[in-house]
Amino acid sequence: MQEHTGTSRQMAGLLPGVLVAVLLAAAAAPASAKDYTVGDSSGWTTGVDYTAWARGKTFNIGDTLLFQYTSAGHSVVEVSEADHTSCSAANPLRSYKDGTTIVTLTRPGTRYFICGSTGHCGAGMKLTVTVASLSGSATGGTRLAKPSSSDADPTTTTTRTTSATSGATTGGWAPRAATWLLFFAAVGALL
């Protein structure tokens, strides 16, 4: 019985260190998310080569795509690969017409976006984004910036400063702040 109590105390002594390590890892993860303004300073409009824009970018889970456009003339429609290829908005997975759309990339795989206005997709307003798995990397991608996304996870609207050269910024402050608050609460409880 005495040996069991000693083992329990040793395990209890390890628990705070393990908890701190887990919380530190969780706090670091959101800080690496990037926000991409689709088309950089041009935004989501005709006359932009979105294939070239996405080339060389690595999109990861947690990154966001910000589509900025005039809602009177454009839209963002997430479609299947077949509808992307044929520029058909007839079977949208998601559709946005608000002028500022934020899409959070929540799972690995390829996502397809087009403009639903007649002729715009055929004129090049289409984007393919490949989101890397947790263990690998992928290039191409988009990230929307509005809570209008009907993706599996809810999104939030945040204000972020975008770099004019890369179109990417670090993730929003709210998820990091919540993680740090959780971290300090856990550490405080241990002391």
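Predicted model only: the values in this text are computed from it and were never measured.
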Examine Tyr69 and Val129 and state if one hydrophobic cluster contains both, with Ile, Leu, Val, Met, Phe, Trp and Tyr joined whenever side-chain heavy atoms are less than 4.5 Å apart. yes
Treat each ILVMFWY residue as a node, draw an edge where side-chain heavy atoms are under 4.5 Å apart, and state whether Tyr96 and Leu105 are in one component. yes
Residue pairs fulfilling disulfide bond (SG atoms under 2.5 Å apart) with at least one residue in residues 40-78, sequence neighbours excluded: none
Only pairs at least two apart or in different chains count here, so list each disulfide bond (SG atoms under 2.5 Å apart) that has a residue in residues 34-102. Cys87-Cys121
Would you say Ser117's side chain and His120's backbone share a donor-acceptor pair under 3.5 angstrom? no
Just wondering, do [Y] and [X] contact through their side chains at under 4.5 Å, heavy atoms?
X: Phe113; Y: Tyr50; value: no
X: Asn60; Y: Lys34; value: no
X: Val131; Y: Ile61; value: yes
X: Lys126; Y: Thr51; value: no

Check [X] against [Y] and note the closest heavy-atom contact, atom names and distance.
X: Ala132; Y: Pro108; value: O-CB, 3.7 Å
X: Asp40; Y: Trp53; value: OD1-NE1, 3.2 Å
X: Thr58; Y: Tyr36; value: O-OH, 3.1 Å
X: Gly116; Y: Ala89; value: CA-CB, 4.1 Å

Show every salt bridge (charged side-chain N to carboxylate O under 4.0 Å, His left out) that has at least one partner inside residues 64-79, sequence neighbours left out. Glu78-Arg94, Glu78-Arg111
Could you tell me the separation between the SG atom of Cys115 and the CE atom of Met125, rounded to the nearest 0.5 Å? 4.0 Å
Straight-line distance of Ile114 CD1 to Ser75 OG, nearest 0.5 Å: 7.5 Å
Identify, with sequence neighbours excluded, every residue that meets side-chain contact (heavy atoms from CB on, under 4.5 Å) alongside [X].
X: Thr85; result: Glu81
X: Ala90; result: Ser88
X: Thr110; result: Tyr112, Thr128, Thr130
X: Ser42; result: Val48

Using side-chain contact (heavy atoms from CB on, under 4.5 Å), reason through Ser71 and Asp98 one step at a time and then give a plain yes or no. CA-CA 6 Å; Ser71 57; Asp98 52 16; 5.9 Å; no
